[in-house]
K.L.:
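One structure follows; several queries about it will come next.
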Amino acid sequence: MSKALKRHKLPRAGAAVLFAVIVAFILIVTLIISTVVTAVRFSADTMLADLATQRARVAALSLDPGPKTDEQSIALFDLATDPKINEVQTIITHNSYKENFNPFVRAIIEAFVPATGKPALIYEHATITDQLNDGVRGLELDWRVQDDGIKIFHFPVVDTHTHGSSWELTLEEILIWSNNNPDHFPITVLMEHKNDVKLLNPKALPINGDTIKNINKAITDVFPRDKILTPSDVIGDYANMGEAVAANNWSRYSEAKGKVIFLLHPDDVLTDEYVKLAPTMGDDLNMFASVLAVDFEKRPEYKTYIGHILGGYVAPLELSKYVKDNYIVRTRADADFKIDEQMRDAAFASGVQLISTDFVKSLVYPDVDYIVAFAGGKMLRKN
């Protein structure tokens, strides 16, 4: 073959390869765009369906809230001993609103991700009412402010399936259950703000000082004042929350039963904006501010207004010192949906009051032979 012929053939072969690469790239990009568009559409449809389901459930509960719970039956001590609320350990749920991934996203995961690599978020809790009926006395709600209201779900597009699409309806469901069970140990509602990327959640609104004012007010738009245990109730005649905590002025069960405690998750913007409303934590604040354990010693003003500390990923036993100093502390019995008996036992032994888990009796999916509870399946015990 002549050199001239070779010179002609090589460029043609290179052009064919380049053309194939371009076509493959276009197909892959088209597939990705098509998948994302379909996921967004399924996500929107899922959220609309979730909202309709929630409306129907809350409407039905308002007519018939169901059977009452015997609070003594979930406690490992005699409630008549009337302990202070910081002297009791409770089992609470993590991502309490969560349903499984929407069907489209879940189908993709099931088809393309090996079983060993499946994300830890493929699980589903029962409804808020069912969890409370089973003795859960603490909930975690991830919220964001959107142009269509305050919404509760885990992550835009991918993980939006939820029992609590509407903030107001979720609070109404808690209130209905609480009114039907007036002797219940106070329910802690940990409220974590999620600041979504606008590209993933075009409905998301920016947050500012007005955001936290509106959230504070949104609680009393649903809950009567006498159904909320507020910072002022704990402060009493003390100058601020720090002094009240130092004096162990926490309410007793008899004073706090039938009420809900709203707890603002630490947030880089919202916590400071919230404290500006009332630096002592008194006045008309409906939520308790909280701080992460790793940050607690960094700013002296924390000891003025903080009553609650979140352990984050600090080992549970390291949090015992805060319990001894009269703070109410939250830790985890497990993380990333992994059974961890050592972590659970450490959480129990730490004396920490709020013990978060995904593994409660009412867990819908998956079906696992493991639950986090105290002896005899009880959900409350003295620490």
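Keep in mind that the numbers below use all heavy atoms, side chains included, and drop hydrogens, waters and symmetry copies.
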K.L.:
Are Asp358 and His94 linked by a side-chain donor-acceptor pair shorter than 3.5 Å?
P.N.:
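Yes - a donor-acceptor pair under 3.5 Å links their side chains.
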K.L.:
What is the distance from atom CE of Met191 to atom CD1 of Ile150, rounded to the nearest 0.5 Å?
P.N.:
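CD1 of Ile150 is found 8.0 Å from CE of Met191.
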K.L.:
Treating Gln353 as the side-chain partner and Tyr327 as the backbone partner, does any N or O pair qualify as donor plus acceptor under 3.5 Å?
P.N.:
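Looks like yes, one N/O pair under 3.5 Å.
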K.L.:
Determine whether the side chains of Ser96 and His125 contain a donor N or O and an acceptor N or O closer than 3.5 Å.
P.N.:
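The criterion, which ignores hydrogens and geometry beyond distance, is not satisfied for His125 and Ser96.
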K.L.:
For Asp82 and Ser254, does a side-chain donor sit closer than 3.5 Å to a side-chain acceptor?
P.N.:
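The criterion, which ignores hydrogens and geometry beyond distance, is satisfied for Ser254 and Asp82.
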K.L.:
When you measure from the side chain of Thr271 to the backbone N and O of Asp267, does any donor-acceptor pair fall under 3.5 Å?
P.N.:
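Side chain of Thr271 to backbone of Asp267: a pair is present.
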K.L.:
What do the steps show when you test Lys98 against Asp159 for salt bridge (Lys or Arg N to Asp or Glu O under 4.0 Å), and what is the final call?
P.N.:
CA-CA 9 Å; Lys98 191 176 177 342; Asp159 196 10; 3.2 Å; yes
K.L.:
Has Leu63 got more than 12 heavy atoms of other residues, nucleotides or ligands less than 6.0 Å from its CG?
P.N.:
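Correct, the count exceeds 12.
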K.L.:
For the atom pair CG (Leu263) and CG (Leu229), what is the distance rounded to the nearest 0.5 Å?
P.N.:
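Those atoms lie 11.5 Å apart.
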K.L.:
Under a 3.5 Å threshold, yes or no: a donor from one side chain and an acceptor from the other, between Ser166 and Arg55?
P.N.:
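Absent: no donor and acceptor within the cut-off.
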K.L.:
Does NZ belonging to Lys213 count more than 12 external heavy atoms closer than 6.0 Å?
P.N.:
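12 or below, so no.
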K.L.:
Tell me if the NZ atom of Lys227 is crowded by more than 12 foreign heavy atoms within 6.0 Å.
P.N.:
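Count over threshold, so yes.
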K.L.:
Would you name the heavy atoms of Thr357 and Ala333 that are closest together and state the gap between them?
P.N.:
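For Thr357 and Ala333, the tightest heavy-atom pair comes out as CB-CB, 4.3 Å.
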K.L.:
I need the Phe359 CZ to Ile91 CD1 distance, nearest 0.5 Å.
P.N.:
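Taking CZ in Phe359 and CD1 in Ile91, the distance rounds to 13.5 Å.
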K.L.:
Step by step, work out the side-chain contact (heavy atoms from CB on, under 4.5 Å) result for Thr280 and Thr304.
P.N.:
CA-CA 7 Å; Thr280 66; Thr304 301; 5.7 Å; no
K.L.:
Can you tell if the side chain of His163 reaches within under 4.5 Å of the side chain of His161, non-hydrogen atoms only?
P.N.:
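They are not in contact (no side-chain heavy atoms under 4.5 Å apart), so the answer is no.
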K.L.:
I'd like to know if the side chain of Thr93 pairs up with that of Gln131 as donor and acceptor (distance under 3.5 Å, no hydrogens or angles considered).
P.N.:
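Yes, side-chain donor-acceptor contact under 3.5 Å.
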K.L.:
Is a side-chain N or O of Arg144 found less than 3.5 angstrom from the main chain of Phe153, in a donor-acceptor match?
P.N.:
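Looks like yes, one N/O pair under 3.5 Å.
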K.L.:
If you count heavy atoms of other groups shown closer than 6.0 angstrom to NZ of Lys217, is the number above 12?
P.N.:
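It does not: Lys217 NZ has 12 such atoms or fewer within range.
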K.L.:
Looking only at atom types and distance, does a side-chain atom of Ser320 sit under 3.5 Å from a main-chain N or O of Ser350, one as donor and one as acceptor?
P.N.:
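The answer is yes, because a donor-acceptor pair under 3.5 Å joins these two groups.
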K.L.:
So, taking the atom named CG in Asp142 and the one named CG in Asp196, what distance separates them when rounded to the nearest 0.5 Å?
P.N.:
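Result: 10.0 Å between the selected atoms.
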K.L.:
Where do Ile176 and Pro65 come nearest, in terms of heavy atoms and distance?
P.N.:
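Closest heavy-atom pair between Ile176 and Pro65: CG2-CB, 3.8 Å.
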K.L.:
Please indicate whether Lys203 has more than 12 foreign heavy atoms, meaning atoms of other residues, nucleotides or ligands, lying under 6.0 Å from its NZ.
P.N.:
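Check fails, neighbour count at 12 or below.
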K.L.:
Quick one: sort the Phe374 and Phe348 rings into parallel, tilted or perpendicular, breaks at 30° and 60°.
P.N.:
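Correct class here is tilted.
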K.L.:
State whether the number of non-hydrogen atoms from other residues, nucleotides or ligands found under 6.0 Å of Asp221 atom CG is greater than 12.
P.N.:
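Enclosed.
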K.L.:
Specify the closest pair of heavy atoms between Ile235 and Asn249, including all atoms of both residues, with the distance to one decimal.
P.N.:
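Scanning both residues, the minimum pair turns out to be O-ND2, 3.8 Å.
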K.L.:
For the CG atom on Asp284, are there more than 12 heavy atoms of other groups (residues, nucleotides or ligands in this structure) within a distance under 6.0 Å?
P.N.:
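Open: at most 12 neighbouring heavy atoms sit under 6.0 Å from CG of Asp284.
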K.L.:
Please find the pair of heavy atoms, one from Ile85 and one from Ala256, that lie closest to each other, and give the distance.
P.N.:
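Distance-wise, the nearest heavy atoms are CG2-CB, 3.9 Å.
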K.L.:
Regarding Ser251 and Lys259, is there a side-chain donor-to-acceptor distance under 3.5 Å anywhere?
P.N.:
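Per modelled atom types, Ser251 and Lys259 side chains form no pair under 3.5 Å.
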K.L.:
Mind checking whether His193 and Trp167 have ring centres under 6.0 Å apart?
P.N.:
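Centroid distance His193-Trp167: not below 6.0 Å, so no.
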K.L.:
In terms of side-chain heavy atoms, does Thr127 have a donor or acceptor partner in Gln54 at a distance below 3.5 Å?
P.N.:
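No, because no side-chain N or O of Thr127 sits under 3.5 Å from a partner of the opposite role on Gln54.
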K.L.:
Among Thr188, Ile328, Ile187, Asp233, which residue satisfies the side-chain contact (heavy atoms from CB on, under 4.5 Å) criterion with Ile261?
P.N.:
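Output: one option passes, namely Thr188.
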K.L.:
Less than 3.5 Å apart, any donor N or O on the side chain of Asn201 or Gln146 sitting next to an acceptor on the other?
P.N.:
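The criterion, which ignores hydrogens and geometry beyond distance, is satisfied for Gln146 and Asn201.
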K.L.:
Are there over 12 heavy-atom neighbours, none belonging to Asp78, within less than 6.0 Å of that residue's CG?
P.N.:
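Yes, because the 6.0 Å sphere around CG of Asp78 holds more than 12 heavy atoms from other groups.
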K.L.:
Under a single-linkage definition using a 4.5 Å side-chain heavy-atom cutoff for Ile, Leu, Val, Met, Phe, Trp and Tyr, are Leu169 and Ile152 assigned to the same hydrophobic cluster?
P.N.:
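They do not share one cluster, since no chain of ILVMFWY contacts under 4.5 Å joins Leu169 to Ile152.
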K.L.:
Measure the acute angle between the ring planes of Trp250 and His308, then classify it against the limits of 30° and 60° as parallel, tilted or perpendicular.
P.N.:
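Geometry flag for His308 against Trp250: perpendicular rings.
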K.L.:
Taking all atoms of both residues into account, what is the closest heavy-atom pair of Asp334 and Met343, and its distance?
P.N.:
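Closest heavy-atom pair between Asp334 and Met343: CA-SD, 3.7 Å.
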